[in-house]
Amino acid sequence: MLQISENETSGLDKIRLTILGATGSIGSNVVDLVQRNPERFEVAALVSGSNVAKLAETARAVGASFAVVSRDELHDDLREALAGSGIRCGAGEQAVLEAASIPCDMTVGAIVGAAGLKPTMQALKSSTAVSLANKECLVCAGELFMREVNRLGRTLLPMDSEHSAIFQLFETANAAQVEKIILTASGGPFRESSIDELRSATPAQALKHPNWSMGSRITIDSATMMNKGFEVIEAFHLFPVDADQLDVLVHPQSVVHGLVQYSDGSLLAQMGAPDMRTPIAHCLAWPKRMETPVEKLDLAQIAQLTFEVPDLNRFPALRLSKEALQEGGAAPTVLNAADEVAVAAFLSKKIGFMDIPTAVEATLDKMRESGPKASFSSVEDVLDVDGRARALCEEWIAAR
Ligand code: NDP
Ligand code: MG
């Protein structure tokens with residue numbers, strides 16, 4: 001029988017926490033768990049992009065020491081919203097980096113997009129552990145980011161549900177016996193749509209994710225399956241496997257989040273209701289576990305779990321991501337930058353749904369012509385490629 005030590009049953013330690021992207025979908029779920037366990041968390045800093053009202057309300061609710069909005073011009077609004085609270089406030093890129101530099105036990109990286117790269121890299125320097133939702137850090141700058149994690153000896157905890165699943169299943173001591181990692185995908189709102197239906201899909205239709213409630217960019221990326229492509233790249237950097245050991249299966253119920261196949265025939269799966277508070281709690285309590293209000297699975301009620309191979313013709317974004325991973329160098333950075341621009345253009349109805357992967361592929365082709373750098377030695381190198389790819393993708397969209 002397993003021996004249970006005193007330590008394993010004891011309570012969780014108090015931690016000092018910073019949340020980058022505190023007002024978003026992930027940030028709000030982190031805050032929800034913090035508010036349910038106020039004795040466990042001391043909030044050092046909260047960072048948002050432009051939502052001053054929500055930032056101020058959250059900072060007051062959790063008693064944060066420092067609140068920062070990334071847009072300079074919103075400094076006065078934030079000061080006003082926090083008046084009388086005693087909470088220090090800041091605005092602009094430098095203030096964001098200052099918030100990320102405050103020594104703490106854990107920083108949650110939940111800013112959306114490549115905008116999260118600099119602050120999250122900064123947080124690696126001052127935070128013992130970084131819980132990473134911002135997959136763009138690994139898509140745009142995977143090697144650089146992981147080099148920094150290892151150089152500084154930091155703990156990197158995956159918050160993305162599939163990677164949290166794999167993290168729980170991956171036996172490091174038996175890494176050589178891992179044959180395959182399988183990431184599941186819901187298939188999004190267009191899982192059964194024809195190419196013609198996909199061509200005429202509207203932002204409102206694409207924003208209706210069947211199982212998960214998330215920010216708008218990742219919701220569109222889920223509809224194109226670019227998100228799953230990003231997650232393949234993310235998994236490549238997080239776990240010691242080769243690119244061809246990473247598979248994707250469409251699993252519409254979103255109950256199984258990830259699987260690891262071992263050479264002895266065992267296929268391990270992690271299951272849970274599609275609620276981000278489970279992988280978030282796994283990060284916040286690691287290496288222990290904490291209680292959440294997440295609905296517990298009733299497998300008899302669910303009755304059926306189904307799996308299918310993704311269709312790369314209807315979802316070319318997945319193919320593009322796999323090709324970018326194989327190509328390496330700047331290709332994944334270009335992939336993300338072009339996708340950020342294309343998704344924004346789709347949401348503002350400048351391009352159609354199937355134009356998103358087309359714009360990304362055209363940008364990748366153009367960037368190859370100009371010979372992108374093979375590897376990055378600094379965040380500035382990454383942001384330089386990111387900026388050039390954005391400009392090329394904007395040009396492609398304008399020329400349509
Ligand atoms: P949201 O769009 O809901 O939230 C994004 C957050 O980032 C907001 O707090 C926003 O502030 C902030 N932000 C935006 N731009 C900047 C900036 N320039 N500087 C500082 N802060 C900024 O996104 P999600 O919460 O859905 O996603 C966040 C990250 O987590 C993404 O990388 C996504 O891929 C990843 N992720 C999300 C999942 C989910 O379930 N939502 C699941 C797995 C991963 P403001 O509100 O003021 O605009
Ligand atoms: Mg995910």
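One-based numbering, in listed order, for ligands and for the atoms of each.
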Measure the [atom1]-[atom2] distance between [X] and [Y] for me, rounded to the nearest 0.5 Å.
{"X": "Ile218", "Y": "Ile26", "atom1": "CD1", "atom2": "CD1", "result": "7.0 Å"}
{"X": "Ser222", "Y": "Met214", "atom1": "OG", "atom2": "CE", "result": "3.5 Å"}
{"X": "Phe307", "Y": "Ile182", "atom1": "CZ", "atom2": "CD1", "result": "8.5 Å"}

Of the N, O or S atoms in [X], the one nearest the Mg ion (ligand 2):
{"X": "Glu231", "answer": "OE2"}
{"X": "Glu162", "answer": "OE1"}
{"X": "Asp160", "answer": "OD1"}

**OP:** List the atom of Ser370, the atom of Arg388, and the distance in Å for their closest heavy-atom pair.
**Re:** OG-NH1, 3.9 Å
**OP:** Measure from the side-chain N and O atoms of Ser186 to the backbone N and O of Ser254, and report whether any donor-acceptor pair falls under 3.5 Å.
**Re:** no
Subject >> Atom-level proximity to ligand 1, residues with heavy atom under 4.0 Å >> reply: Gly21, Ala22, Thr23, Gly24, Ser25, Ile26, Val47, Ser48, Gly49, Ser50, Asn51, Ser70, Ala110, Ile111, Val112, Ala115, Ala133, Asn134, Lys135, Glu136, Asp160, Met214, Gly215, Ile218, Met276
Original post:
Other than Ile111, which residues form its hydrophobic cluster under the rule that side-chain heavy atoms must be closer than 4.5 Å?
Top reply: Leu20, Val47, Phe66, Val68, Val96, Ile102
**OP:** Can you spot which of Glu234, Gln168, Lys135 makes a side-chain contact (heavy atoms from CB on, under 4.5 Å) with His163?
**Re:** Glu234
